[in-house]
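So the structure is just underneath, and the comments pick up after that.
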Amino acid sequence: MLDWLNQFIASFGLTWSDVLIGVGLFLATSIGGLFAVAFILVRLPADYFSESSVRNRQQRQTAYGWAIRVAKSVLGVVIVIVGILLSLPGIPGPGLLTIFVGIMLIDSPKKRRLERWFLMRPGILDSINEMRRKHNRPPLILDDEPTSPQG
């Protein structure tokens, strides 16, 4: 069995150290991604997705506010792409939750509606609220639950 495995690894031009580095990166990205997403979702205010929550709108009018919005949107797009990659079979990590965090960073007119629609996918809101409960945080509050992101 071990000879077959050695031949298989060698057929790709790899060594055992290459394989171990790959496994280490695999584990580090899986665990690191899970912790990063969990950290962000647990730290959100419970009313983040509520329309009644108060947001600072004056900062949006300044050049600094616009620069922050653009930077956050670019970062959000990158995170969504990473989340899509993590959602592919064979690639470990919290793909759907990573996509969700990326969407939260993107500044767009229909963002709130898309976020709430995404939260209503089976198991997403329950998973987030379970994480929040384990860290003594209140569950997320949603005002309305749309059935689709359009409209």
Side-chain angles (χ1 to χ4, degrees), residues 8-9 12-14 17-151:
F8 181 75
I9 291 171
F12 290 103
L14 300 173
S17 63
D18 295 333
V19 172
L20 291 176
I21 289 171
V23 169
L25 287 173
F26 175 87
L27 291 173
T29 57
S30 296
I31 294 168
L34 187 60
F35 279 121
V37 169
F39 179 81
I40 291 168
L41 293 175
V42 167
R43 299 280 184 271
L44 283 178
D47 67 346
Y48 181 84
F49 300 103
S50 171
E51 291 298 327
S52 61
S53 67
V54 179
R55 303 281 180 234
N56 181 2
R57 300 200 185 271
Q58 276 186 325
Q59 183 183 4
R60 297 178 140 215
Q61 305 301 325
T62 66
Y64 175 76
W66 280 101
I68 294 295
R69 288 172 68 188
V70 168
K72 279 178 55 181
S73 293
V74 169
L75 179 62
V77 168
V78 169
I79 291 174
V80 167
I81 291 169
V82 169
I84 291 169
L85 291 174
L86 290 175
S87 296
L88 297 174
I91 300 178
L96 291 179
L97 291 177
T98 305
I99 292 170
F100 182 66
V101 169
I103 290 170
M104 288 171 38
L105 290 172
I106 297 171
D107 192 21
S108 113
K110 302 262 184 187
K111 170 182 148 175
R112 292 286 180 203
R113 188 165 180 82
L114 179 62
E115 287 171 341
R116 285 192 300 272
W117 175 82
F118 191 82
L119 278 174
M120 299 315 296
R121 301 299 92 213
I124 299 291
L125 184 59
D126 293 337
S127 297
I128 293 170
N129 283 335
E130 179 64 20
M131 245 191 303
R132 291 175 64 83
R133 185 191 63 75
K134 287 179 181 178
H135 290 87
N136 298 318
R137 299 285 188 162
L140 295 175
I141 300 167
L142 303 178
D143 287 338
D144 58 347
E145 290 102 23
T147 55
S148 74
Q150 290 85 22

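- Put simply, the side chain of Arg132 gets close to the backbone of Leu41: a donor and an acceptor are under 3.5 Å apart.
- Of all the heavy atoms in Ser73 and Asp107, the pair that sits closest is OG-N, 3.0 Å.
- With values rounded to the nearest 0.5 angstrom, Ile99 atom CD1 is found 9.0 Å from Ile124 atom CD1.
- By the side chain to side chain donor-acceptor pair (under 3.5 Å) test, Arg133 pairs with Glu130, sequence neighbours left out.
- Between Ile79 and Val101, the shortest heavy-atom contact is CG2-C, 4.4 Å.
- Of all heavy-atom pairs spanning Ala46 and Pro139, the tightest one is CB-O, 3.5 Å.
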Might you work through the side chain to side chain contact (heavy atoms under 4.5 Å, CB included) test for Arg43 and Arg137, ending with a clear yes or no? CA-CA 8 Å; Arg43 299 280 184 271; Arg137 299 285 188 162; 3.7 Å; yes

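- Screening Asp126, Leu125, Asn129 for a side chain to side chain contact (heavy atoms under 4.5 Å, CB included) involving Leu119 leaves a single residue, Leu125.
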Where do Phe100 and Ile128 land on the side chain to side chain contact (heavy atoms under 4.5 Å, CB included) test, with the steps shown first? CA-CA 11 Å; Phe100 182 66; Ile128 293 170; 4.0 Å; yes

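- Here Leu44 contributes atom CG and Met104 contributes atom CE; the two are 4.0 Å apart, rounded to the nearest 0.5 Å.
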